Amino acid sequence: MPFTTETVDYEVREHRAYLTLNRPERLNAITGQMGFDIAAAVAEANADPDVRVIVLQGAGRAFCAGYDLKLYAEAGEQHQSQVWDPIADYRMMKANTDHFFSLWRSAKPTIAKVHGYAVAGGSDIALSCDLVVMAEDAKIGYMPARIWGCPTTAMWVYRLGAEKAKRMLLTGDTIDGTTAKDWGLVIDAVPAADLDATVETLVDRMAGVPTNQLVMQKLMINQAYDNMGLQSTQNMAVLFDGITRHSPEGRWFVDFAQAHGFGAAVQWRDTGRFIPDGGGPVPSRDEIAEMKAELDAAAAR
């Protein structure tokens, strides 16, 4: 039966469950509730004997644009006071990571259908699925690697290998679907107009396999990743994520967002502007205006 939670719609058709991230007005940005809702929908699909494959998608213009920084940076909901409790932070982010990773731990196979953006925490969600199919013009990346984040699912290295994972996480760059396919990050990239049909063709092929066969093949492959230390790597990544948000530079980023809005803070980060070692004074309005003028001039060229 279809149902709707605060952030996720759920529907079953023809032996497949469709989970739709449903905050389109915020590009499906992540809230505290979204992880719970994803895990609940995955559990529902696994409990339904009629479901063989799970498809995760996003409503509106994007798959998922990451954590909602209007809440977490600008309003400070993911940032503690001067005295940081690392275990409280770890519990919160580990819960989010485990909820996202219900897609990987799901007995039944999961496919992410990515259009628009799967960036920052949105890339964590997409890469928690067994297979990812992207529109060629969609973007994927983890920009908070520049400041204020570490990808808690740790899936970049497991999907790309060390060198390409470093290329992504030491720059915070994004890549399009075509490059993601060439690098082996995703299984396929197609023109945006063909995305739905391509995913349905793949799901049709998988849905013809008995559920017990699907489950056993997936468990065997996932075990190899567990043998390579996936869980312990995630534990480290979750702890590091908390540290990045409470380092001097992380506090600088929050101060910036609270003074000038998360949009200006993200622009500063993603355009490669220098972030002062050990923090420092937040940029003035004149400096921000200068940055925006430079961006406008570059866009006009």
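Keep in mind it's a predicted model, so treat the numbers as computed, not measured.
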Does Leu69 form a side chain to side chain contact (heavy atoms under 4.5 Å, CB included) with Val266? I'd like the steps, not just the answer.
CA-CA 9 Å; Leu69 292 187; Val266 166; 3.3 Å; yes

Determine, stepwise, if the pair Glu14 / Arg52 fulfils salt bridge (charged side-chain N to carboxylate O under 4.0 Å, His left out).
CA-CA 9 Å; Glu14 299 178 348; Arg52 293 190 178 183; over 6 Å; no

Side-chain donor-acceptor pair under 3.5 Å between [X] and [Y], yes or no?
| X | Y | result |
| --- | --- | --- |
| Tyr158 | Thr153 | no |
| Asp9 | Thr20 | no |
| Thr31 | Asp68 | no |
| Asp204 | Thr201 | no |
| Tyr90 | Asp85 | no |

Where does the angle between the aromatic ring planes of Phe101 and Trp104 fall among parallel (under 30°), tilted (30 to 60°) and perpendicular (over 60°)?
parallel

Taking the inter-plane angle between the rings of Trp84 and His246 on a 0 to 90° scale, is it parallel (under 30°), tilted (30 to 60°) or perpendicular (over 60°)?
parallel

Nearest heavy atoms of [X] and [Y], plus distance in Å:
| X | Y | result |
| --- | --- | --- |
| Leu195 | Ala135 | CD1-N, 3.8 Å |
| Arg61 | Leu27 | NH2-CD2, 3.4 Å |
| Ala126 | Val132 | O-CG2, 3.3 Å |
| Ala120 | Gly66 | CB-CA, 4.0 Å |
| Pro24 | Gly60 | CB-CA, 4.0 Å |
| Pro151 | Ala237 | O-CB, 3.5 Å |

Is a side-chain N or O of [X] found less than 3.5 angstrom from the main chain of [Y], in a donor-acceptor match?
| X | Y | value |
| --- | --- | --- |
| Trp252 | Pro276 | no |
| His115 | Ala62 | yes |
| Asn28 | Arg23 | yes |
| Gln223 | Met220 | no |
| Thr110 | Leu103 | yes |

Check whether [X] and [Y] end up in the same hydrophobic cluster, where Ile, Leu, Val, Met, Phe, Trp and Tyr are linked by side-chain heavy atoms less than 4.5 Å apart.
| X | Y | result |
| --- | --- | --- |
| Leu185 | Val190 | no |
| Phe100 | Leu71 | yes |
| Tyr117 | Ile111 | no |
| Tyr18 | Val42 | no |
| Met93 | Tyr142 | yes |

So which of Val55, Ile54, Val133 actually passes side-chain contact (heavy atoms from CB on, under 4.5 Å) with Val203?
Val55

Exactly one of Thr171, Leu169, Ile175, Leu170 should register a side-chain contact (heavy atoms from CB on, under 4.5 Å) with Asp173. Which one does?
Thr171

So how far is it from [X] [atom1] to [Y] [atom2], rounded to the nearest 0.5 Å?
| X | Y | atom1 | atom2 | result |
| --- | --- | --- | --- | --- |
| Met34 | Thr7 | CE | OG1 | 4.5 Å |
| Asp89 | Met92 | CG | CE | 4.5 Å |
| Asp277 | Ser247 | CG | OG | 10.5 Å |
| Leu21 | Ile38 | CG | CD1 | 5.0 Å |
| Met134 | Asp176 | CE | CG | 7.0 Å |
| Lys113 | Leu131 | NZ | CG | 14.5 Å |

Do [Y] and [X] meet the salt-bridge criterion of a basic N to acidic O distance under 4.0 Å?
| X | Y | value |
| --- | --- | --- |
| Asp130 | Lys218 | yes |
| Arg245 | Asp241 | yes |
| Glu11 | Arg13 | yes |
| Asp98 | Lys94 | yes |
| Glu200 | Arg16 | yes |

Side chain to side chain contact (heavy atoms under 4.5 Å, CB included) evaluation trace for Val12 with Asp50
CA-CA 9 Å; Val12 175; Asp50 193 46; 4.2 Å; yes

Answer whether the closest heavy-atom distance between the side chains of [X] and [Y] falls below 4.5 Å.
| X | Y | answer |
| --- | --- | --- |
| Asp124 | Thr152 | yes |
| Leu202 | Thr198 | no |
| Trp268 | Pro283 | yes |
| Asn96 | Tyr67 | yes |
| Gln267 | His260 | no |
| Gln231 | Asn235 | yes |
| Trp156 | Ser123 | yes |
| Leu56 | Phe63 | yes |

Inspect the surroundings of [atom1] in [X] and state if more than 12 heavy atoms from other residues, nucleotides or ligands are less than 6.0 Å away.
| X | atom1 | result |
| --- | --- | --- |
| Gln33 | CD | yes |
| Ile275 | CD1 | yes |
| Met236 | CE | no |
| Glu163 | CD | no |

Kindly indicate, with the supporting measurements, whether the criterion side chain to side chain contact (heavy atoms under 4.5 Å, CB included) is fulfilled by His15 and Val53.
CA-CA 7 Å; His15 302 294; Val53 183; over 6 Å; no

For Leu160 and Met168, what are the C-alpha separation, side-chain angles and deciding distance, and is it a side chain to side chain contact (heavy atoms under 4.5 Å, CB included)?
CA-CA 10 Å; Leu160 282 179; Met168 295 301 293; 4.2 Å; yes

